[in-house]
Each structure stands twice: as structure tokens, then as C-alpha cells.
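Here the structure is laid out as C-alpha cells; the discussion comes afterwards.
Keep in mind it's a predicted model, so treat the numbers as computed, not measured.
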Amino acid sequence: MTTTLPPVNQSGSKSVSTLPSLPRSQRSAKQLARGAGRPRQSIGKLAGIDRADVGAYRNTYKHNLSLEILQEGYVSSFIELFELFDQQAKDRERAGSDSGVHEVPILIDQHDKLDVLKSKLIEAEEARRSGASDKSYQSYLELAQYFEKFSSDQWLIDHFHKKCMSESSKVEEDGGRKLAEANYNIGIALEKRGDLSSAVDYLEKFYNLTTEQEWQDKIGDNLHDIASLQLYRTYTCLAEELYEEAPSVSIEYLKKAFHMANEGGNRTEAGVASHRLGNIYEAVGDPEVATMYHKGYLDRCKRDKDKIGTGKAHEALARCQQSEGKLEDAIENYKEFVKIAEEVGEKGVYSQACSSLANLYNMLGEYGNAVEFYKKAADSMETDDKERLELMNISQAIARTHYQLASYSNAILCNTAKLTASLVEWKDYRDDGFVAASRPATRAESCASGTGTPAAAETVSEETCEDKK
């Protein structure tokens with residue numbers, strides 16, 4: 001192929017190049033894309049779709065959702081949604097790569113949740129624009145309730161409860177009811193997370209805001225009664241949590257729980273609170289105050305015909321009275337405990353009641369009674385509790401030995417033919433026929449001694465032995 005060059009333009013006229021075009025195979029990609037100079041036609045138009053459809057297909061779900069929110073004119077909703085994305089990203093970064101938070105899908109990738117967020121955020125923004133703070137509050141509340149279904153979204157629950165709190169303060173026509181409810185919802189959310197100290201602050205505000213109000217929930221329960229009952233439960237949990245490190249603080253919370261149960265009109269919960277107070281005062285070494293609370297629990301249980309609670313109250317009273325040295329009263333309460341446990345038919349409880357009474361009889365030197373109740377405790381025990389069964393059998397054997405010791409000693413010391421024959425017979429059959437009374441004349445004499453130990457076994461004088469001979 002030859003190329004003919006034009007003559008040099010000496011007159012200033014325009015020269016025309018006659019260079020041939022490159023073959024199609026050597027054209028640039030850019031030239032091909034442009035159709036080699038032909039008028040450009042949109043791909044979208046060729047396919048029967050417009051540019052927006054192409055963009056929607058190519059862009060991420062987050063991008064398209066955000067674009068829709070902006071196109072509809074809801075700028076505040078767009079900003080709030082992006083603040084949530086940013087908050088989650090920062091939280092994940094702070095947690096570190098080893099944290100379990102990275103195992104949870106990010107909000108951007110959870111399309112169903114994004115749809116719900118878009119819908120409710122727009123509702124809330126429309127309500128704010130029209131000055132309807134109560135409707136805006138409701139939209140945020142529905143978002144918080146929606147995310148309660150997902151254990152990994154606690155941060156979103158907290159966020160929307162706080163938004164409810166913000167909106168509730170703007171509602172003026174309900175007398176502060178929504179503000180009260182917002183405090184309750186935050187308190188419950190914190191309690192579920194185990195942050196009881198923070199939860200108490202919000203629940204106490206709920207309690208104060210509902211005082212002297214007639215507000216009711218959907219099923220007709222008074223909100224102030226609900227506040228009292230919820231505080232009772234939270235105070236009780238806090239008391240149990242703080243007992244080891246701060247017993248005095250624990251007692252104060254239990255007192256508050258007792259007050260709330262009484263104020264809420266719940267006799268059962270008030271009785272349980274009284275029992276707990278009695279137990280903790282007993283544990284810190286104040287049986288007198290403990291007895292007062294246990295008696296209150298006993299009265300409530302009797303009034304409510306609660307046999308199990310009545311048995312627990314008698315047992316607790318017996319323990320306190322035993323600590324105070326009121327052994328006669330303690331025995332009577334233990335007997336009531338045994339009687340009720342037998343009526344209820346709880347073998348484990350009945351066994352425990354019998355062993356407690358047997359221990360006290362053993363301490364008083366009433367070994368015959370001790371043997372009887374140790375045997376009942378062993379016979380009524382669950383067969384798989386071998387360790388406790390062995391303990392009851394050993395205790396019974398020791399009590400029986402003490403019971404027979406005085407008569408055995410007298411028989412040896414007197415050394416009469418009659419007593420020796422009785423002793424030999426006893427060795428063969430191990431019955432109690434020759435056992436003489438060797439305990440105090442009355443239990444009161446033993447209790448009066450203040451020692452709680454049996455009186456010394458009777459000693460036999462030489463004259464007595466001679467008489468027996």
C-alpha cells in the first residue's frame with residue numbers, strides 16, 4: 001500500500017489529509033464503544049428500561065433505600081439511619097476483631113430490618129412535622145418492641161427507648177403518662193441486661209410519676225400498682241446481689257421491697273418479703289428482729305391458708321427461738337413444722353423437719369425422742385441421698401447409745417445378779433426393756449440450766465446397790 005502526500009501549501013490554503021483509516025481490527029476500544037462516530041444510543045433505551053432502573057440494579061440495598069428516603073423528602077430519617085450505621089461500625093471497631101459482635105450480621109446487610117426502620121422513621125418524622133409528639137413516640141416505641149425479638153439488637157432497643165423518652169417529654173396533653181411509661185420501658189430493658197442499679201433509678205421515676213394517678217394498662221391493671229410490684233422484684237434482686245459484699249445495704253433494699261409489696265396490696269409477695277427479711281436478720285445474728293418478721297410471715301400464711309409457707313415460718317421461728325435459748329418454744333414450732341410437712345406429703349421436707357427436731361431433742365438430752373425422730377427422718381428420706389441417710393443412721397445410733405448409757409452404767413456398777421441377767425439378755429436381743437429413766441425429770445429443768453445439755457446421769461450409791469442386791 002502506498003500513500004500519496006499532498007503538495008506543500010504555500011498559499012495558506014487548508015491542506016486535506018488523505019491518510020486512510022485503520023482497519024476495524026486495529027481501532028481503539030473507545031472508538032468501538034462510541035460506535036465509530038455514529039450517534040450514541042442509550043443501552044437503557046435499547047432494553048426498554050431507564051437509567052434509574054439500571055442504577056437500582058447496580059447499587060447496594062442500603063444505597064437504594066437511602067435514595068428513596070431522600071427522594072421522598074425525609075432528610076431527618078436519612079440522617080438518623082446513617083447515624084445508626086455509623087454507631088454500629090464504631091461499636092464493632094471498639095470491641096475488637098476477637099469479639100463475638102463480629103459474628104452478628106451488620107444492620108446494612110439485614111434488609112427486612114432496614115425496611116422496618118425506613119417505614120417507622122418516616123412515620124416518626126411526619127408526626128414531628130405535624131407537632132404530634134405522641135404519634136412520634138408511638139413509632140419509636142414500636143421500633144423498640146420490634147427489635148426486642150432479636151437478642152443481638154439490644155443497642156437498637158436502647159436507642160429507640162431513649163428516643164421515646166425524648167419525645168415523651170414533649171407530650172403535654174396526657175399529664176406525663178408517656179414520660180412515666182418511657183421510664184418504665186428503659187428500666188425493664190436495663191433489668192433484663194442485669195444492670196439493676198441503673199434500672200432502679202428509672203423504675204423509681206416511674207413509681208413517682210404514677211403516684212395518685214388512675215392510669216391503667218391495656219388489661220386494666222393500675223400503673224402505680226405495677227410500679228410497686230416491679231420495684232419489689234428489683235429491690236429483692238439487688239438485695240440478693242449485694243448480700244455477700246454489703247449485708248447492711250442488702251437489708252435496706254429488702255426493707256424497701258417489703259414496703260413496696262405492702263403498698264401494692266400483694267399479700268403473698270409481702271409475706272415472702274417478710275420471710276426474706278427474717279432470714280437475713282437471722283444470718284447477721286439478730287434473732288429478735290428476725291422473729292418479728294417471721295411471725296408476720298406466719299400470720300400471712302395462716303390467713304391465706306398456705307400450708308407450705310406456714311411450715312417454713314414455723315421452722316424459721318424455731319431456729320430463732322433456739323438461738324435465743326427459748327428451747328420449749330422452739331420444740332413446739334418444730335413439732336408444728338413436722339406435722340404440716342407430713343400433711344403436705346413432701347418426703348424431703350418431712351425428713352428435714354424430723355431431723356431438726358431430733359437434733360434439738362438430742363441437745364436437750366431427751367435421747368429417746370431423738371432416736372424416734374432420727375428414725376423417722378431416715379425412713380422418709382429419698383433413697384438416692386446416701387450421704388444424708390448415713391448421717392441420720394449414725395446420729396440415731398449415737399442418740400440410742402446415750403439413751404441407754406445411764407442404765408448400762410448402773411447395771412455394771414451395782415453388779416447384782418438380777419441386773420447382770422438383764423444386761424446379758426439385752427446383749428442378746430438389744431431391746432430397751434431394762435433401760436431406766438436417766439434423763440432430767442422434766443424438759444423445763446434442762447432448759448432452765450441454759451446449757452442445752454443433758455443433766456448428768458444418775459449415779460448409784462453403794463446403799464442403793466446393796467438394796468438391789
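Other residues, nucleotides and ligands contribute over 12 non-hydrogen atoms within 6.0 Å of the CD atom of Glu173.
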Report the C-alpha distance between Ser198 and Asp195 in whole Å, list the side-chain angles of each, state the deciding distance to 0.1 Å, and finish with yes or no for side chain to side chain donor-acceptor pair (under 3.5 Å). CA-CA 6 Å; Ser198 299; Asp195 189 355; 3.0 Å; yes
Using side chain to side chain donor-acceptor pair (under 3.5 Å), reason through Asp158 and Gln154 one step at a time and then give a plain yes or no. CA-CA 6 Å; Asp158 292 344; Gln154 186 62 54; 3.1 Å; yes
Chi angles and distances behind the side chain to side chain contact (heavy atoms under 4.5 Å, CB included) call for Leu364, Ile331: CA-CA 10 Å; Leu364 290 170; Ile331 284 179; 3.4 Å; yes
Tell me, with the steps shown, if Tyr235 and Glu204 meet side chain to side chain donor-acceptor pair (under 3.5 Å). CA-CA 11 Å; Tyr235 285 146; Glu204 285 177 344; 2.6 Å; yes
After noting the C-alpha distance and the side-chain angles of Met260 and Leu229, does the key distance pass the side chain to side chain contact (heavy atoms under 4.5 Å, CB included) rule? CA-CA 7 Å; Met260 287 297 161; Leu229 183 58; over 6 Å; no
Show your working on side chain to side chain donor-acceptor pair (under 3.5 Å) between Asp221 and Gln216 and close with a plain yes or no. CA-CA 5 Å; Asp221 291 335; Gln216 295 180 343; over 6 Å; no
Trp155 and Leu84: CA distance, side-chain angles, deciding distance, side chain to side chain contact (heavy atoms under 4.5 Å, CB included) verdict: CA-CA 10 Å; Trp155 66 285; Leu84 291 175; 4.1 Å; yes
The test is salt bridge (Lys or Arg N to Asp or Glu O under 4.0 Å); show your working for Asp86 and Lys90 and say whether it passes. CA-CA 6 Å; Asp86 185 57; Lys90 289 178 179 178; 3.2 Å; yes
Verify side chain to side chain contact (heavy atoms under 4.5 Å, CB included) between Val272 and His275, making sure each step is shown before the conclusion. CA-CA 5 Å; Val272 173; His275 184 52; 5.5 Å; no
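Once rounded to the nearest 0.5 Å, the distance linking CD of Glu167 with CG of Leu141 reads 12.0 Å. Summarising the geometry, atom CZ belonging to Arg128 is positioned 15.5 Å from atom OH belonging to Tyr137; distances are rounded to the nearest 0.5 Å. Considering CD1 of Ile69 and CG of Leu117, their distance stands at 8.5 Å, rounded to 0.5 Å. Rounding to the nearest 0.5 Å gives a distance of 12.0 Å between CD of Glu328 and CG of Asn333. For the atom pair CG of Leu298 and CG of Asp306, the computed distance is 10.5 Å after rounding to the nearest 0.5 Å. Taken to the nearest 0.5 Å, the OG1 atom of Thr210 stands 9.0 Å off from the CD1 atom of Ile226.
In this structure, Phe206 has its ring center no closer than 6.0 Å to that of Tyr202. In summary, the aromatic rings of Tyr334 and Phe337 are positioned with their centroids too far apart to meet the 6.0 Å limit.
Cation-pi geometry between Lys113 and Phe150 is met: under 6.0 angstrom from the ring centre, within 45 degrees of the axis. Under a cutoff of 6.0 Å and an axis angle of 45°, Lys376 and Phe373 form a cation-pi pair.
Here the side chains of His314 and Glu332 are not in contact, with every heavy-atom distance at 4.5 Å or above. Looking only at side-chain heavy atoms (C-beta outward), Glu282 and Pro287 stay at 4.5 Å or farther from each other. You'll find the side chain of Tyr403 stays beyond 4.5 Å of the side chain of Glu366, heavy atoms only. Under the 4.5 Å side-chain criterion, counting only non-hydrogen atoms from C-beta, Thr236 is not in contact with Phe258. The shortest distance between side-chain heavy atoms of Ile280 and Pro247 does not fall below 4.5 Å. Counting only heavy atoms from C-beta outward, the side chains of Leu121 and Leu143 approach each other to under 4.5 Å. With contacts defined as side-chain heavy-atom distances shorter than 4.5 Å, the pair Tyr293/Val289 qualifies. By the 4.5 Å heavy-atom criterion applied to side chains, Phe85 and Leu107 are counted as neighbours.
Using a cutoff of 4.0 Å between basic side-chain nitrogens and carboxylate oxygens, Arg233 and Glu191 are not scored as salt-bridged. The residues Arg300 and Asp304 are annotated as not salt-bridged, no charged nitrogen and carboxylate oxygen being separated by less than 4.0 angstrom. By the 4.0 Å N-to-carboxylate-O rule, Glu315 lies too far from Lys312 to be salt-bridged with it. Salt bridge Lys118/Glu72: present, at least one basic N to carboxylate O contact under 4.0 Å. Using a 4.0 Å cut-off between charged side-chain N and carboxylate O, Lys375 and Asp379 make a salt bridge.
At least one donor-acceptor pair closer than 3.5 Å links the side chain of Asn359 to the backbone N or O of Ser355. Between the side chain of Ser250 and the main chain of Ala246, no donor-acceptor pair closer than 3.5 Å is present. For Asn185 (side chain) and Glu181 (main-chain N/O), a donor-acceptor pair under 3.5 Å exists by modelled atom type. For Ser130 (side chain) and Ala127 (main-chain N/O), a donor-acceptor pair under 3.5 Å exists by modelled atom type. Remark: the backbone N or O of Gln352 is paired with a side-chain donor or acceptor of Ser356 at under 3.5 angstrom. Put simply, the side chain of Ser323 gets close to the backbone of Arg319: a donor and an acceptor are under 3.5 Å apart. Between the Ser274 side chain and the Ala270 main chain, no donor and acceptor come within less than 3.5 Å of each other. Side-chain atoms of Gln110 come within 3.5 Å of backbone atoms of Pro105 as a donor-acceptor pair (strictly under, hydrogens ignored). One N or O on the side chain of Asn183 and one on the backbone of Leu179 form a donor-acceptor pair closer than 3.5 Å. With Asn222 contributing its side chain and Asp225 its backbone, the two residues share a donor-acceptor pair below 3.5 Å.
Closest heavy-atom contact between Cys354 and Val338: N-CG2, 3.9 Å. Here the closest heavy-atom approach between residue Arg92 and residue Val104 is recorded as NH1-O, 3.1 Å. Closest of all the heavy-atom pairs between Val200 and Leu231 is O-CD2, 4.5 Å. Residue Ile251 comes nearest to Leu277 through the heavy atom pair O-CD2, 4.1 Å, listed as atom of the first residue, atom of the second, then distance. Among all heavy-atom pairs drawn from Ser133 and Lys170, the shortest one is OG-CB, 3.5 Å. Pairing each heavy atom of Ser228 with each of Tyr207, the nearest pair is OG-CE1, 3.6 Å.
Between the side chains of Asp115 and Tyr61, at least one donor N or O lies within less than 3.5 Å of an accepting N or O.
Screening Glu123, Arg129, Glu80 against Tyr74 for a side-chain contact (heavy atoms from CB on, under 4.5 Å) leaves a single residue, Arg129. A side-chain hydrogen bond (donor to acceptor under 3.5 Å, both in side chains) with His224 is found for exactly one of Glu212, Glu263, Gln213, namely Glu263.
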